[in-house]
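To start, the structure itself, in C-alpha cells.
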Protein chains: 2
Amino acid sequence: MISIPVLTLKRLPQYLELLYGFEHEGQDTISATRLAELTGVHMTQVRKDIALTGVVGIPKVGHKVRDLIESIESCLNWKDHSSAFLVGVGRLGSSLLGYSEFKRKGLNIVAGFDTDPSVAGSLVDGVIVHPMDKFANLCRRMKVHIGILTVPADQAQATAELMVESGILAIWNFTPTLLQLDEGIIVEDVDMSASLAVLSRRLSEKYEQDSQQDNKSKNKKNTIDQEKQ
Amino acid sequence: MISIPVLTLKRLPQYLELLYGFEHEGQDTISATRLAELTGVHMTQVRKDIALTGVVGIPKVGHKVRDLIESIESCLNWKDHSSAFLVGVGRLGSSLLGYSEFKRKGLNIVAGFDTDPSVAGSLVDGVIVHPMDKFANLCRRMKVHIGILTVPADQAQATAELMVESGILAIWNFTPTLLQLDEGIIVEDVDMSASLAVLSRRLSEKYEQDSQQDNKSKNKKNTIDQEKQ
DNA sequence: AGTATTTCGATATTTTTATAGCGATTAAGG
DNA sequence: CCTTAATCGCTATAAAAATATCGAAATACT
Ligand SMILES: NC(=O)c1ccc[n+]([C@@H]2O[C@H](COP(=O)([O-])OP(=O)(O)OC[C@H]3O[C@@H](n4cnc5c(N)ncnc54)[C@H](O)[C@@H]3O)[C@@H](O)[C@H]2O)c1
Ligand SMILES: NC(=O)c1ccc[n+]([C@@H]2O[C@H](COP(=O)([O-])OP(=O)(O)OC[C@H]3O[C@@H](n4cnc5c(N)ncnc54)[C@H](O)[C@@H]3O)[C@@H](O)[C@H]2O)c1
C-alpha cells in the first residue's frame, strides 16, 4: 500500500464533499478541471490526487462521480467502519459524540469515557458514557484501536499513555498538548490553535496591506491636490 | 510585513505551548535544539521558524523563553485582542463559546448568533446569544471583523455571504462546506474530515504493514520449521 | 587568559510539492 | 465516418519546504 502524501489526504475529503453534492443533484460525471475551479486547487494537482486513489478517467468526459466517490472513500478506508472510544465527555467531547457525520466517514464512536461520576453512566446523544476505569478492559475486549482525546490539556499525556497501554493504535488528539508516545502510535492533532494562528496572522497582514494602500491613495490624493495648487 | 509560510504559522503555536510550560517551570532559556527534540521538527527548521518571528538568540545558550514567547505572540498578533462573532450556537458552537483558551490567543468571542428563538436571547457560558437578524447591525456598529461559522453545512454559504456583507473580513470555518467568497476574504477551515482522512489512511497503512510483517515472520517460522525437517 | 563546547544563523543542498506542457484518447457533432 | 473539442495522464520544469553544512559567537571550564 503506497503512502499517500498528507496534503493529498487532506484535499481528498474536499473533493468528496463536492462529489456528494453532484451525486445528490443527479450529475454523474465530473472533470478534474471543474473540481479544480471549485476547490481552488490547481488542475494538475487535482489530477495527481485523483490518480493516487487509483481511479482512471475518461478523456473528454472526466470521471464518473460514483466511481470517484468509491475510489476516494476506499482509499481513505471510509467504507468499512472502525470503532472508536472518546475520552473526556466535556463540552467538546459531547459535541463530537453527537455528530453523526463521522459515521459517514468510517468512524463509529461506540462509547465515551469520563472520570466525572455525574457524566459517567449517562447517555450523550445516544452514546453510552462509561467511567474511566472501564476503559482498558473494554478496549481490549472490543478490540477498539482508535481513541479520541478530549480531556483537559493537563490530563492529555497521561490519558494518551493509558490509551496506548490498552491497545489503542491511533489517537485523534483535540487537546493542545504535544503527546510524547511510542514511534508506532499514530497521532493526528486537530490543532485549532494552529488554524487560529494562520487566521490571525493573515488578518494582520491584510490590515497592513490595506492601510498601506490607504496611505498610497491618500498620498496620491495629496499629490493631485498639490498639483492642483 | 513579510508573509510567513502557512506551515511555519502552524508550528509556532506548538512551540508556544511548550514555552508556556517552561516559563511555568521557571526555566528561562531554551535552545532550538531542545524544541526540535520535543516537537519532532528538525532543528534547522525550528531555527528558521524562530528567525521568521524576528527574535535573535544567544549562541551557546539559546533563546530567552520570555523573549521567544513575546516574539511569537506578537508575530501571530495574539497580544492585542480581536473581537469575533460566532454564528450557530449548536453543539459545536456552544462548546467553542465556553472555551476560555481562545482569549489567551487573542480571540475574544463577544457574542453568539442563532436563528433558533430558544437559543437566541440566552447566555451560553457567559456569552450573550443574539437572534440572527441583529448580526449585520451589531457587526458594523462594533466593527467586528472575525466571524466563526458553526451553522449546519447547508446554511454555511448563505451565512458566510451575510457575514461578508456585514463587514466580516476573516471567517473561521468549522463546517465542511467549501465557501465561495470574494478573493480578499480570509477563510480558514478547521477541517476535521481532513484530519480524520489522514488518521484513517495512516491506520490502514499501518495495519497492512503489520500484517505483512506477521506474514514474513510466519514464513520465516515456516522456513525454519522446514529447515528443521 | 585560553580552550573546548555548544548553539546560533547564514548559506547550500536535497527532497518534496506544485505547476506547466503536451501527446493520447474519446465522446459528440457535422 | 471524420473532424472537433475537451479532458486525461504522463513527463518536465519550477517553486517551496525541509535538511545538511559550516563559520561565528558566547559561555563555562581548565
Ligand atoms: N471546548 C472547546 O471548544 C475546545 C476547543 C479546542 C480544544 N479543546 C480542548 O479539548 C479538551 C477538552 O475541552 P473541553 O472544553 O471540552 O473541556 P471540559 O472541561 O468541558 O471537558 C473535559 C472533560 O474531561 C473529563 N476529564 C477530566 N480528566 C479526565 C481524565 N483523566 N480522564 C477522563 N476524563 C477526564 C472531565 O470530567 C470533563 O468532562 C481540552 O484539552 C481543550 O484544550 C476544547
Ligand atoms: N458537532 C461537531 O462535533 C462538529 C464537528 C465538526 C464539524 N461540525 C460542523 O459544525 C456545524 C455545526 O454542527 P453542530 O453539530 O453544532 O450542529 P447543531 O445542529 O448542533 O448546531 C447548529 C446551530 O446553528 C443554528 N442555525 C441553523 N441555521 C442557522 C442560520 N442560518 N443562521 C444562524 N444559525 C443557524 C441552529 O439553530 C443550531 O443551533 C456543522 O456544519 C457541522 O458539520 C460539527
Side-chain angles (χ1 to χ4, degrees), chain A residues 2-15 18-19 22 27-72 75 194 197-198 201-202 205, chain B residues 2-15 18-19 22 27-72 75 194 197-198 201-202 205:
Chain A
I2 55 159
S3 168
I4 295 182
V6 194
L7 294 173
T8 295
L9 288 176
K10 296 205 168 191
R11 281 188 295 263
L12 291 178
Q14 279 187 33
Y15 306 143
L18 290 169
L19 291 166
F22 296 139
Q27 188 177 333
D28 52 327
T29 59
I30 181 71
S31 69
T33 319
R34 183 91 188 100
L35 279 176
E37 277 170 27
L38 291 170
T39 55
V41 176
H42 199 278
M43 191 197 297
T44 51
Q45 193 62 59
V46 175
R47 296 227 179 90
K48 272 196 178 173
D49 289 342
I50 288 175
L52 281 168
T53 72
V55 83
V56 287
I58 313 149
K60 169 83 181 178
V61 174
H63 295 265
K64 287 204 171 163
V65 172
R66 187 92 280 272
D67 287 359
L68 203 43
I69 290 177
E70 301 261 335
S71 181
I72 296 178
C75 172
V198 180
R201 174 74 190 190
R202 293 289 176 247
E205 288 170 1
Chain B
I2 56 159
S3 169
I4 295 182
V6 195
L7 293 172
T8 295
L9 287 176
K10 296 205 168 191
R11 281 187 297 262
L12 291 177
Q14 278 187 34
Y15 306 142
L18 290 169
L19 290 167
F22 295 140
Q27 189 178 332
D28 51 328
T29 59
I30 182 73
S31 69
T33 319
R34 182 90 189 101
L35 279 176
E37 277 170 28
L38 291 169
T39 55
V41 176
H42 199 277
M43 191 196 298
T44 51
Q45 193 62 59
V46 176
R47 296 226 178 88
K48 273 196 177 175
D49 290 343
I50 288 175
L52 281 168
T53 72
V55 83
V56 287
I58 312 149
K60 171 81 184 184
V61 174
H63 296 263
K64 286 204 170 162
V65 172
R66 189 92 279 272
D67 287 0
L68 203 44
I69 290 178
E70 300 261 335
S71 181
I72 296 178
C75 173
V198 179
R201 175 72 190 193
R202 293 288 176 250
E205 287 171 1

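Each chain gets a letter, A, B and so on, in the order the sequences are listed, and its residues count up from 1.
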B:His63, nearest nucleotide to its side chain (from D:dT7, C:dC8, C:dA18): C:dC8
Nearest heavy atoms of B:Ile4 and B:Leu52, plus distance in Å: CD1-O, 4.0 Å
Closest to the A:Val56 side chain, choosing from C:dT7, C:dA18, D:dG9: D:dG9
Contact check, side chains of A:Arg201 and B:Ser3, non-hydrogen atoms, under 4.5 Å: no
Touch class at under 4.0 angstrom, heavy-atom based, for A:Ser31 against every strand present: sugar-phosphate
Nearest-angstrom distance from the residue atom CE of A:Met43 to C1' of D:dT7: 9 Å
Spacing of A:Ile50 atom CD1 relative to D:dC8 atom C1', expressed in whole Å: 10 Å
OP1 or OP2 of C:dC8 under 4.0 Å from side-chain N/O of B:Arg47: yes
Exam field: side chain B:Arg66 to backbone B:Asp28, donor-acceptor pair closer than 3.5 Å: no
Side-chain touch B:Gln14/B:Leu18, heavy atoms, less than 4.5 angstrom: no
First encountered from the 5' end of DNA chain C, between B:Ala51 and A:His42: B:Ala51
Side-chain (A:Ser71) to main-chain (A:Asp67) donor-acceptor, under 3.5 angstrom: no
Touch class at under 4.0 angstrom, heavy-atom based, for B:Val41 against every strand present: nothing
Separation of atom NZ in A:Lys10 from atom P in C:dT16, rounded to whole Å: 18 Å
Nearest to side-chain heavy atoms of A:Ala32, which nucleotide of D:dA17, C:dA18, D:dC8: D:dC8
Distance in angstrom units between B:Lys64 NZ and C:dT7 P, rounded: 17 Å
Sugar-phosphate, base or nothing in reach of A:Arg11, heavy atoms under 4.0 Å: sugar-phosphate
Sugar-phosphate, base or nothing in reach of A:Thr44, heavy atoms under 4.0 Å: base
Distance, rounded to the nearest Å, where A:Arg34 contributes CZ and D:dC8 contributes P: 13 Å
Euclidean distance, atom CG of residue A:Leu35 to atom P of D:dA6 [Å, nearest integer]: 18 Å
Nucleotides 25-30 of chain D: protein proximity per nucleotide (B base, S sugar-phosphate only, - neither; heavy atom, under 4.0 Å): BBB---
Straight-line distance of A:Ile69 CD1 to A:Thr53 OG1, nearest 0.5 Å: 12.0 Å
Value in whole Å for how far the C1' atom of D:dG9 lies from CG of A:Asp49: 14 Å
Side chain to side chain contact (heavy atoms under 4.5 Å, CB included) assessment of B:Leu68 paired with B:Phe22: CA-CA 11 Å; B:Leu68 203 44; B:Phe22 295 140; over 6 Å; no
Atom pair distance, as rounded to whole Å: CD in B:Gln45 and C1' in C:dT13: 14 Å
